[in-house]
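Here's the structure we're looking at; comments come further down.
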Amino acid sequence: EAGVDGVFYWFDNNWHYLRRWEHFHQLRSPARLAVQQAGWLADLASVQLPASDAVMSRALSMLIKLGWTDADVEERLRRMRAALS
């Protein structure tokens with residue numbers, strides 16, 4: 001609605017963050033995980049990272065286009081600030 005494409009809240013998704021990595025918590029993967037190879041097999045299902053969760057829960061993922069001009073970036077920032085305020 002604000003004209004800012006490709007921005008999403010991913011905290012409840014599973015991209016690049018331990019919180020929703022069920023395969024890691026359950027030690028399930030097509031290949032051995034690094035923690036298995038290192039012999040460190042703690043109870044990964046119970047790992048809690050509240051300080052990291054507090055930071056990551058405030059983060060957004062954002063599309064970045066290599067072809068943007070400086071004016072494109074400034075316009076995107078203007079629209080994002082308007083949408084977030």
Side-chain angles (χ1 to χ4, degrees):
E1 291 177 22
V4 183
D5 64 330
V7 176
F8 58 96
Y9 179 70
W10 59 265
F11 185 63
D12 287 327
N13 201 314
N14 62 359
W15 295 359
H16 308 294
Y17 186 56
L18 175 69
R19 182 172 175 267
R20 296 293 300 256
W21 286 354
E22 300 304 327
H23 70 286
F24 191 77
H25 296 168
Q26 299 168 9
L27 293 174
R28 291 186 332 193
S29 176
R32 287 176 51 96
L33 297 167
V35 294
Q36 292 169 309
Q37 293 177 357
W40 181 63
L41 295 177
D43 181 12
L44 298 176
S46 66
V47 171
Q48 300 290 314
L49 302 171
S52 295
D53 286 350
V55 171
M56 299 307 278
S57 70
R58 297 188 309 266
L60 298 173
S61 286
M62 182 176 78
L63 172 74
I64 298 173
K65 297 179 183 178
L66 296 177
W68 281 342
T69 64
D70 288 346
D72 294 332
V73 171
E74 290 301 321
E75 178 62 16
R76 184 174 184 85
L77 290 172
R78 185 190 68 71
R79 290 180 183 202
M80 289 183 71
R81 286 184 185 115
L84 294 170
S85 62

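Quick note: residue numbers are just sequence positions, from 1. Predicted, not measured: the structure shown is a model, and the values here were computed from it.
- By the 6.0 Å contact criterion, CD on Q48 is open, its count of non-hydrogen atoms from other residues, nucleotides or ligands being 12 or less.
- Closest heavy-atom contact between A54 and S57: O-OG, 3.1 Å.
- With hydrogens and angles ignored, the 3.5 Å screen pairs a side-chain donor or acceptor of T69 with a backbone N or O of D72.
- Taken from CD in Q26 to CH2 in W21, the straight-line distance is 14.5 Å, to the nearest 0.5 Å.
- Side chains of L63 and R76 form a contact here, defined as non-hydrogen atoms less than 4.5 Å apart.
- Here the CG-CE distance, from L60 to M80, works out to 6.0 Å after rounding to the nearest 0.5 Å.
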Practice problem: Any chance you could lay out the side chain to side chain contact (heavy atoms under 4.5 Å, CB included) test for D5 and K65, step after step, and finish with the verdict? | Solution: CA-CA 11 Å; D5 64 330; K65 297 179 183 178; 3.4 Å; yes
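- Proximity of a side-chain donor or acceptor of R19 to a complementary backbone N or O of F11 within less than 3.5 Å is detected.
- For E75 and R79, the salt-bridge test passes: some basic side-chain N is under 4.0 Å from an acidic carboxylate O.
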